[in-house]
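Let me begin by presenting the structure, written as structure tokens, before commenting on it.
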Amino acid sequence: MTDPSAMVTAMRTHTCGELRLAHAGEQVALCGWVAHRRDHGGVTFIDLRDREGVVQIVFHPEDAPAAHAAAQELRGEWVVRIMGVVRERPEGMANADLVTGAVEVAVTSVEVLNSAETPPFVIEDRTEADELLRLEYRYLDLRRPEMTRGLRLRHEINRTIREHMDPLGFLEVETPVLTTATPEGARDFLVPSRMFPGSFYALPQSPQQLKQLLMVAGQDRYYQIVRCLRDEKPRADRGLELTQLDVEMSFAEEEDVMAVIEPLYARIVRETQGADVSTPFRRMSYDEMLERYGSDKPDLRYGMELSEFTELFEGSGFTSFAKVAADGGAIKGLVAPQGAAALSRKELDKLVEDAKGRGAAGLVWIAVEDEGALRSPVEKFLSDEERTGILERTGAGAGDLVCLVADRIDRTNVALDGLRRDLAARLDLISEDRWEFVWYFEPPLFEWSDDEDKWVSNHHPFTAPLTDDLEPRTAKARAYDLVLNGFELGGGSIRIHDPQIQERVFEVLGLSHEEIEGKFGHLIRAFRFGAPPHGGIALGIDRLAMLMAGKDAIRDVQAFPKAQSGADPLMGGPSPVDPVQLRELGIRVIEPPRAEGEH
């Protein structure tokens, strides 16, 4: 909490949000914005707002006629300085919704520090204003107490991180903002250099190589709350700019990283949410997580684990399922408790369309009725053995809903993951005050990219392989991700520290000797001078703050975010550059071709 005495200035003695009954009788000076003005029988009231809160101000025509007369000119968002006396509100007039609601300030004088135009939207927690309008006038939007709470939450998270890391021997080290472009995953933002015409710096996607070089440099334990930039399409939980907790440790294995992160995140939840989280966090292999939940970021606040039915439907009379089983696909399903009782036939049929929208061939729903009877559009195609197998494998009872998907394994998992999340929300199965952390381990080292038509790193190319196996289809990684309530918070790995293994991984990724030297020669050379075994993790602070604040988008907990389109409504970016600057940089802009009929 802020120490009130630290906020005293020459212009104010207190902040608006700190006044209580204990201050009654004190002469105070307050500064802030006029939130509301009300006139009651000759007496004028205003709610004065600053960052710390709101307090009621009273202008009485008899006690302070000059101040009362000046109050008639006050309008919303004017900036004023108030002198007055704190007093208890009259009996029955206290406001239990305000922490300052037991008191008011009787004004002796008022000074207008600045007038204001009428804001384009009402500055209150409840606002119907369009998000683009709010982003354009973000400095007004941030005056809303709800937005201030988001910024304060981020501050508390960052403060807790620093308090936690320092006693553990970590050094906070800043890494450069201007680096060199390397193929690590996301697309780089490039910065042209005037002093080196035709050459470009890159803004950091992450300080990955630099923090590894700090380990080579013998710095043992590093962390940084760092800004990262990625030229990729923004989403609700991902933007062009992000802030992450970046951690690296020498002579460390997976459990050493867990031992640093778990108590930190349990403390963040405790201090910001008032909830206790037990440690150690749950752990699963990557394969187990996909098998049980169909996702590598499952929400564990509710059940509905997936069950396997492929073997049950081999040679089935239900030909569409039998064909999937014969072709090497997967038949999996889940049971939604009391889903059949809660959802209408129209809603059940909509589940089928939703599954198709997620890429699956379809979905079969089966309602369980009394005494194990089944009701389904495909009920007549099921054998007695299949009916019994469905009930045994799911444990479904009367009123429950069984949903089955048959398709290629990846499509089946995607469809059931989306269905599981949707049904949990519809059936009110989610406990909003629960914080369920889980780690996964040993994901694939490589994955196939259809866009690039080649194997790429699943995490990044500096991740250590789990074994000597570097066959792209089977190799596993010494990597781990931390998941909270269905969202990936971040991930890390034990890194490669042997230059020969690092070169072999680059070769699997299709890099020639010349490309390895040109793009990563600095790292390989550093490893040849004695690199310690090391590992670390990067965890997104924006996404954590979003979850802690109960928001749906990271933009709601960032001070000056871009819109979802990537544009900046406040500053007008991205914008064209003066031709003189372009000439200095040796850059010529090529206009993209216009579509037919476009002007």
Side-chain angles (χ1 to χ4, degrees), residues 282 284 288-295 298-325 329-356 358 360-407 409 411-431 434 436 486:
R282 293 177 63 176
M284 296 184 199
E288 178 191 2
M289 189 172 280
L290 285 182
E291 179 183 347
R292 293 173 62 181
Y293 299 100
S295 170
D299 191 336
L300 302 188
R301 290 175 295 175
Y302 47 88
M304 292 196 291
E305 289 192 26
L306 308 188
S307 300
E308 173 65 51
F309 297 91
T310 309
E311 183 181 350
L312 180 65
F313 285 98
E314 290 177 350
S316 171
F318 185 23
T319 55
S320 61
F321 273 23
K323 185 177 188 306
V324 169
I331 305 167
K332 299 175 71 173
L334 57 80
V335 56
Q338 295 303 296
L343 301 179
S344 67
R345 174 59 188 262
K346 182 178 180 180
E347 290 173 310
L348 292 174
D349 289 341
K350 178 67 164 53
L351 298 180
V352 180
E353 297 307 312
D354 290 344
K356 292 179 179 178
R358 296 183 179 108
L363 174 145
V364 169
W365 59 263
I366 302 171
V368 183
E369 300 182 328
D370 292 337
E371 300 181 358
L374 303 183
R375 174 173 54 88
S376 171
V378 303
E379 185 268 338
K380 63 183 178 181
F381 301 110
L382 302 177
S383 68
D384 289 342
E385 180 185 357
E386 289 162 353
R387 296 166 192 264
T388 301
I390 289 169
L391 293 176
E392 288 179 348
R393 295 179 189 218
T394 60
D400 291 345
L401 177 70
V402 177
C403 295
L404 304 177
V405 174
D407 207 320
I409 182 62
R411 293 174 182 166
T412 298
N413 280 336
V414 168
L416 287 172
D417 172 47
L419 176 68
R420 181 175 176 269
R421 294 171 188 266
D422 182 33
L423 287 174
R426 290 194 194 195
L427 301 176
D428 198 24
L429 302 179
I430 303 172
S431 300
R434 284 181 61 189
E436 292 290 344

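Source: prediction; values computed, not measured.
From Leu382, atom CG reaches atom NZ of Lys380 across 11.5 Å, with rounding to the nearest 0.5 Å. Rounding to the nearest 0.5 Å places CZ of Arg420 at 9.5 Å from CG of Leu429. Ser376 OG to Leu348 CG: the interatomic distance, rounded to the nearest 0.5 Å, is 9.5 Å.
In this structure, Glu291 has no side chain to side chain donor-acceptor pair (under 3.5 Å) partners at least two apart in sequence or on a different chain. Under the side chain to side chain contact (heavy atoms under 4.5 Å, CB included) criterion, Lys323 pairs with Asp327, not counting sequence neighbours. For Ala360, the side chain to side chain contact (heavy atoms under 4.5 Å, CB included) criterion is met by Val405, Asp407, Ala415, not counting sequence neighbours. In this structure, the side chain to side chain donor-acceptor pair (under 3.5 Å) partners of Lys350, at least two apart in sequence or on a different chain, are Asp354. The side chain to side chain donor-acceptor pair (under 3.5 Å) check on Arg411 picks up nothing, with sequence neighbours excluded. For Phe321, the ring pair (Phe, Tyr, Trp, His ring centres under 6.0 Å) test picks out Phe313, Phe318, with sequence neighbours left out. Partners of Arg345 under the side chain to side chain contact (heavy atoms under 4.5 Å, CB included) rule, at least two apart in sequence or in another chain, are Asp349, Trp365, Pro377. Applying the side chain to side chain donor-acceptor pair (under 3.5 Å) test to Arg358 and every residue at least two apart in sequence or in another chain returns nothing.
For the residue pair Ala355 and Leu363, the shortest heavy atom distance occurs at CB-CB, 3.7 Å. Closest approach of Ser316 to Ala322, counting heavy atoms only: O-CB, 3.5 Å. When all heavy atoms of Leu416 and Cys403 are compared, the pair lying nearest together is CD2-O, 4.3 Å. When all heavy atoms of Ala342 and Leu427 are compared, the closest pair comes out as CB-CD2, 3.7 Å.
With contacts defined as side-chain heavy-atom distances shorter than 4.5 Å, the pair Leu306/Asp417 does not qualify. With a 4.5 Å cut-off on side-chain heavy atoms, Arg282 and Leu300 count as touching. In this structure, Val364 and Val402 have side chains that are not in contact, with every pair of non-hydrogen atoms separated by 4.5 Å or more. The shortest distance between side-chain heavy atoms of Leu334 and Leu419 falls below 4.5 Å. You'll find the side chain of Arg421 reaches within 4.5 Å of the side chain of Ser295, heavy atoms only. Between Met304 and Val335, the closest side-chain pair of non-hydrogen atoms is not below 4.5 Å. At least one side-chain heavy atom of Leu423 sits under 4.5 Å from a side-chain heavy atom of Leu343. By the 4.5 Å heavy-atom criterion applied to side chains, Pro298 and Met289 are counted as neighbours.
With hydrogens and angles ignored, the 3.5 Å screen pairs a side-chain donor or acceptor of Thr310 with a backbone N or O of Ile331. Within the 3.5 Å criterion, the main-chain N or O of Arg434 finds no donor-acceptor partner in the side chain of Ser431.
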### Query
Can you check side chain to side chain contact (heavy atoms under 4.5 Å, CB included) on Phe309 and Ile390, steps first, answer last?
CA-CA 8 Å; Phe309 297 91; Ile390 289 169; 4.3 Å; yes
### Task
Please lay out, stage by stage, how Tyr302 and Glu436 fare under the test side chain to side chain contact (heavy atoms under 4.5 Å, CB included).
CA-CA 10 Å; Tyr302 47 88; Glu436 292 290 344; over 6 Å; no
### Message
Show, in sequence, the C-alpha distance, side-chain angles and deciding distance for Asn413 and Lys332, and conclude whether the side chain to side chain contact (heavy atoms under 4.5 Å, CB included) test is met.
### Response
CA-CA 8 Å; Asn413 280 336; Lys332 299 175 71 173; 2.8 Å; yes
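The salt bridge (Lys or Arg N to Asp or Glu O under 4.0 Å) analysis of residues 386-402, with sequence neighbours excluded, yields the pairs Glu379-Arg387, Asp384-Arg387. Applying the salt bridge (Lys or Arg N to Asp or Glu O under 4.0 Å) rule to pairs touching residues 304-321 yields Arg292-Glu305, sequence neighbours excluded.
There is no side-chain donor-acceptor pair under 3.5 Å between Glu385 and Thr388.
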Would you list the atom pairs, donor with acceptor, under 3.5 Å between side chains in residues 367-375 and any protein atom, with sequence neighbours excluded?
unit_1, atom_1, unit_2, atom_2, d
Glu369, OE2, Arg375, NE, 2.8

